[in-house]
Amino acid sequence: MRYPFAETEPKWLKIWEDKKADLTDLSKHERKLYHLNMFIYPSGAKAHIGHWYHYGPSDSWARYKKLKGYNVFEPMGYDAFGLPAENYAIKTGIHPKDSTLANINAIREQLKKMGCMYDPNAELMTCVPEYYKWNQWLFLQLYKKWLAYRKNAPVNWCPNDQTVLANEQVQSDGTCERCGTVVIQKNLTQWFFKITDYAEELLAGLDKINWPEKTKLMQRNWIGKSVGAEVMFNVDGTDDKISVFTTRPDTLFGVTYVVLAPEHPLVDKLTTSGYKSEVEKYKESIKSLTEIERTSTVKEKTGVPIGAFAINPVNKEKIPIWIADYALLTYGTGCVMAVPGHDERDFEFAKKFNLPIRKVILQPGTSENDELTEAYTAVGIMINSGEFNGLNSDDGIERVTAYLERNNFGRKKVNYRLRDWLISRQRYWGTPIPIIHCEHCGEVPVNEKDLPVELPYEVEFKPTGESPLASNENFINAKCPKCGADARRDPDTMDTFVDSSWYYFRYLNPGFAEAIFDKAKADKWIPVDMYVGGAEHATMHLLYARFIHKFIRDLGLTNSDEPFTNLVHQGTITNNGAKMSKSRGNVVNPDEFTEKYGADVFRLYLMFMGPYELGGDWSDKGIAGTDRFVQRTYDLFKRFEGLKKRSSLKNKFALSNLSENEKLLYRKVNQTIKKFDEEINHFRFNTAIASLMELINETKNIQSCSAELQLYVLERFAVMLAPVAPHLAEECRALLGEEISIFEKPVWYDPDTEALIEDSVNIAVQVNGKLRATVSVPINSEQDDVKPLIFIDEKVTKFIDGKTIIKEIFVKNKIYNIVVK
RNA sequence: GCCGAAGUGGCGGAAUUGGUAGACGCGCUGGACUCAAAAUCCAGUGGGGCUCACACCUCGUGCCGGUUCGAGUCCGGCCUUCGGUACCA
């Protein structure tokens with residue numbers, strides 16, 4: 001009889017629900033394990049294979065930890081705000097709230113069928129006022145500490161659709177993904193969170209967390225710390241100063257020109273009359289370029305001089321000031337001191353515009369008079385640098401910096417690539433920003449007691465050229481909290497990464513009304529012990545969450561420094577090498593497989609496919625294999641129905657009392673426990689399941705074993721099965737006669753260490769490193785005991801006869817290698 | 001370009017600190033069962049050579065070279081694929 005998953009799976013779901021097996025008692029925190037999955041984004045489609053691949057194995061790990069005696073908390077929720085729901089609304093007219101809630105209901109049902117032990121009391125969704133109220137509260141706390149501020153920033157603007165576009169809506173050729181119009185940059189006053197204040201701590205904190213090295217490296221690069229100097233250049237004939245950042249103060253004597261970013265505020269002021277029209281023309285030409293084109297490294301560098309000159313503080317040389325698009329207003333000071341001899345970009349630019357190239361660092365092994373054919377960027381001896389001549393350039397960095405500081409020309413400076421976090425979105429479906437703009441008082445925060453600022457349902461979310469909320473009169477008109485005059489609310493909403501930067505606190509008490517979260521609970525349960533989610537969040541979400549966590553700590557609400565102690569990324573499942581997405585139309589629906597094979601078989605297959613962190617290309621080719629495994633398992637237990645009533649469960653057997661057959665099986669089951677435990681603990685589900693398959697292959701002769709050993713083996717097999725195929729394992733244990741769900745009363749077995757040790761072992765015999773024979777010897781045999789067995793073996797002697805033995809290498813229990821000549 | 005990961009049978013993938021390459025599964029081949037098929041069970045399955053057969057030999061982990069008694073694993077140089085990033089001064 002085939003395993004009737006269609007009956008057993010709903011049956012066990014019901015039992016777990018009735019017995020409250022998935023509820024975590026948060027008042028108990030001994031051996032607590034907070035197991036978090038990145039929550040689901042209900043963007044319109046139902047859950048697909050990628051979600052199963054993420055959540056199924058991750059849940060198996062959590063279940064394994066539960067069986068090992070941990071008090072596991074595994075919540076699930078919905079990252080419900082965001083652009084896709086709004087775009088869907090623009091297209092279909094269905095309100096984002098309605099479509100999102102409908103999606104959530106559908107996805108909740110799907111997730112339930114997977115058989116994950118999500119705590120039903122901990123579910124949250126970000127689009128309800130009870131949740132986003134606290135986004136607003138957080139905003140106000142950041143505002144109070146000067147960590148939320150407004151400034152002008154460019155947005156991608158589609159002149160045809162009259163709307164702001166997210167970066168991902170701009171196609172690689174710089175056009176709008178909807179209508180194909182060329183996207184332009186438009187400046188808007190927008191809100192920022194000052195993540196840069198935490199740059200140093202965010203960098204240093206990476207050393208304290210157990211994350212994939214790859215992810216930590218990405219964050220390090222993203223933060224992009226560089227140490228150097230800020231140098232002041234006087235502008236010839238004016239009081240203005242140009243400040244530049246450089247990591248190479250040792251090359252200061254080689255500066256032959258200065259470059260400003262075209263948008264730099266000093267440009268208009270410094271440009272001399274004869275250069276005005278050229279400069280304006282150049283700035284205009286830059287404007288029509290998209291960000292993507294402008295920052296392309298393949299593009300040839302462009303620029304124009306502005307007619308003004310700067311004075312190099314160290315040698316008082318007069319050098320021209322240029323503007324060029326390779327200077328970025330967003331990095332450093334927006335000004336570059338150009339050293340063509342020792343910087344590749346400056347070299348290229350100087351060659352093109354015939355600017356002087358001066359050598360100030362001598363490459364070892366070359367002569368001062370050799371002409372530079374490319375920029376020399378490595379370490380060397382300083383030349384043409386006045387009092388610093390002859391110094392090693394590494395030492396020169398410090399010496400020149402000290403000189404600058406002594407003479408007030410500059411100072412040591414640490415610079416970060418990290419920029420502040422722009423959180424304003426000119427969108428409807430998000431958290432309203434709790435600020436009121438008053439003609440008299442300026443920007444005024446909403447009083448905390450007036451939170452939440454509720455998102456109205458009635459709104460025109462079709463593009464009109466301004467934020468959708470601006471058109472809702474009831475929403476936008478408000479009284480100034482300070483002076484009471486008529487005023488207007490901020491029409492923008494927050495980036496949804498704000499929602500996800502603290503949600504793990506809220507799971508502990510989604511309904512908590514008095515505060516953002518219950519501090520007493522958080523003190524016991526935060527940080528998250530294990531976080532599982534996609535690697536695509538390495539630099540955005542995972543950095544924002546660390547920032548907000550540190551801010552929450554600084555508010556005194558948590559005592560931990562980092563939110564996620566351990567992190568694992570599941571791999572991506574592709575379809576014919578391409579990412580699955582609705583727009584490509586290549587999404588594989590998991591329902592067809594679960595309907596045919598059941599949730600357990602499908603989960604097992606996803607885990608068995610390969611390493612969890614690697615993902616891979618989707619193929620259902622091998623699913624028959626895990627299906628067969630499930631059938632064979634069920635058949636096996638079916639044969640021993642009621643065994644528990646006929647036999648007793650023993651903890652241990654003495655090897656000497658077992659028959660050869662029994663000994664083999666006893667050893668195998670204990671070896672499997674050891675192997676399975678190690679593998680699943682490290683998220684190596686594929687090899688963990690392989691070990692279970694080996695075990696079932698070893699049960700061929702189980703009929704000839706004693707009833708007690710049969711029960712011993714089957715009980716342990718079912719327990720190992722429980723994390724990876726939970727419904728099946730429960731059913732198998734029930735067949736044996738077990739009456740209590742394993743997830744209601746967790747069980748795990750440690751291996752009998754005596755059974756792990758084999759009596760004998762096969763040793764590989766090599767001649768000159770080539771395998772020639774194997775010999776079976778008692779375990780831990782010494783070389784002298786093994787040697788006589790080898791030199792009588794014809795397979796070995798025929799390769800050494802007539803030759804001189806130079807050396808013999810013996811590795812206990814492994815290898816005997818004879819080196820001959 | 002730079003940074004990172006990976007490359008192993010027909011396929012997905014195993015392989016502790018360098019120590020018997022190919023675990024486990026898919027597929028395929030042959031056999032049993034069946035009127036027949038499906039399902040199931042049993043056996044075989046990296047390439048080549050030799051052999052009636054057993055056995056044995058030989059090559060083999062992207063390519064070239066090196067270290068070592070011994071390399072999928074370590075080192076140097078390439079090639080390919082996939083991620084990340086984009087003039088960061």
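- Contact annotation: A:R417 does not reach the phosphate of B:U85 (side-chain N/O to OP1 or OP2, under 4.0 Å).
- Identified under the salt bridge (charged side-chain N to carboxylate O under 4.0 Å, His left out) test for residues 629-640 of chain A, with sequence neighbours left out: A:K638-A:E641.
- Annotation: proximity of residues 209-217 of chain A to RNA chain B (heavy atom, distance under 4.0 Å) is found for A:K214, A:L217, numbered in ascending order.
- For A:F349 and A:F347, the gap between ring centers reaches or exceeds 6.0 Å.
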> According to the Watson-Crick and G-U wobble definition with distances under 3.5 Å, which dot-bracket string, read 5' to 3', encodes RNA chain B, using [ ] for crossing pairs and | for pairs with another strand?
Replying inline: (((((((..(((......[....)))((((((.......))))))((((......))))..(((((..]....))))))))))))....

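- Contact annotation for A:K700: backbone-only contact, meaning every heavy-atom pair under 4.0 Å involves sugar-phosphate atoms and none involves a base.
- Side-chain proximity of A:W222 to B:U85, B:C87, B:A89: nearest is B:U85.
- For A:R345, counting side-chain heavy atoms from C-beta on, the closest listed nucleotide (B:U20, B:C57, B:A89) is B:A89.
- Within the structure, every side-chain polar atom (N or O) of A:S619 is placed at least 4.0 Å from both OP1 and OP2 of B:C11.
- Inter-residue side-chain proximity for A:M609 and A:I573 is flagged as met; some heavy-atom pair is nearer than 4.5 Å.
- Without hydrogens or angle criteria, A:R546 side chain to A:L202 main chain gives a donor-acceptor distance under 3.5 Å.
- Separating the CZ atom of A:F810 from the P atom of B:G18 is a distance of 19 Å, rounded to the nearest angstrom.
- Closest to the side chain of A:K807, out of B:C69, B:G84, B:A89, is B:C69.
- In the set B:C59, B:G19, B:G84, B:C59 carries the atom at the smallest distance from any side-chain atom of A:K770.
- Here salt bridge (charged side-chain N to carboxylate O under 4.0 Å, His left out) pairs that include residues 334-345 of chain A, with residues two or more places apart or in two chains, are A:D343-A:R345.
- For the 3.5 Å distance criterion, the side chains of A:T302 and A:Y282 qualify, holding a donor opposite an acceptor.
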Kindly give the atom pairs (protein nitrogen or oxygen, nucleotide nitrogen or oxygen) under 3.5 Å for nucleotides 44-50 of chain B.
none

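- Between the CG atom of A:N221 and the P atom of B:C87 there is a distance of 14 Å, given to the nearest Å.
- Among the protein residues, A:T774 comes within range of the nucleic acid bases, having at least one heavy atom under 4.0 Å from a base atom.
- Atom CD in A:E613 sits about 15 Å away from atom C1' in B:G83, given to the nearest Å.
- For A:E374 and B:G1, the CD to P distance is 15 Å, given to the nearest whole Å.
- Side chains of A:Y331 and A:S226: a donor-acceptor N/O pair is present below 3.5 angstrom, by distance only.
- Looking at A:H342, its side chain does come within 3.5 Å of a backbone N or O of A:Y376 through a donor-acceptor pair.
- Of the candidates B:C87, B:A89, B:A86, B:C87 carries the atom nearest the A:K301 side chain, counting heavy atoms from C-beta on.
- Between the A:D627 side chain and the A:V601 main chain, no donor and acceptor come within less than 3.5 Å of each other.
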> What string of B, S and - do you get for nucleotides 21-32 of chain B 5' to 3' if you count protein non-hydrogen atoms under 4.0 Å?
Replying inline: --BBSSS-----

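- Centroid-to-centroid, the aromatic rings of A:F593 and A:Y605 stay 6.0 Å apart or farther.
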